[in-house]
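Worksheet: the structure to be examined is printed underneath.
Every heavy atom of this structure was used, including side-chain atoms; hydrogens, water molecules and symmetry mates were not.
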Amino acid sequence: MIAVTTMKCACKSCECQVSIADAIKKNDQYYCCQACADGHVDGKGCGHQGCICG
């Protein structure tokens with residue numbers, strides 16, 4: 001059996017891969033940061049290099 005340790009951030013517009021151990025878990029979804037987990041309130045992006053979510 002293979003254990004999954006990283007996955008794409010659950011935010012639809014985010015391009016980030018997130019470590020499950022470091023992710024923010026909300027509603028059984030894994031996010032790379034609080035901005036993504038909160039649905040980009042005020043249009044704030046995740047701020048990770050190369051990602052244009054928000």
If you round to the nearest 0.5 Å, how far is CD of E15 from SG of C46? 9.5 Å
C32 vs H48, side-chain contact (heavy atoms from CB on, under 4.5 Å): CA-CA, chis, key distance, verdict: CA-CA 9 Å; C32 68; H48 295 122; 3.6 Å; yes
Using a strict threshold of under 4.0 Å (side-chain N to carboxylate O), is an ion pair present between K26 and D38? yes
Is the number of heavy atoms from other residues, nucleotides or ligands under 6.0 Å of K44 NZ greater than 12? no
For the residue pair C53 and H40, what are the closest heavy atoms and their distance? SG-CE1, 3.4 Å
Minimal heavy-atom distance between A37 and I24, with the atoms involved, is CB-CG2, 4.0 Å
Heavy-atom pair with the smallest gap, counting every atom of G45 and A35: O-CB, 3.8 Å
What one should report as the nearest heavy-atom pair of I20 and Y30 is CG2-CE2, 3.7 Å
Intermediate values then yes/no, side-chain contact (heavy atoms from CB on, under 4.5 Å), K8 and V18: CA-CA 6 Å; K8 183 196 170 295; V18 61; over 6 Å; no
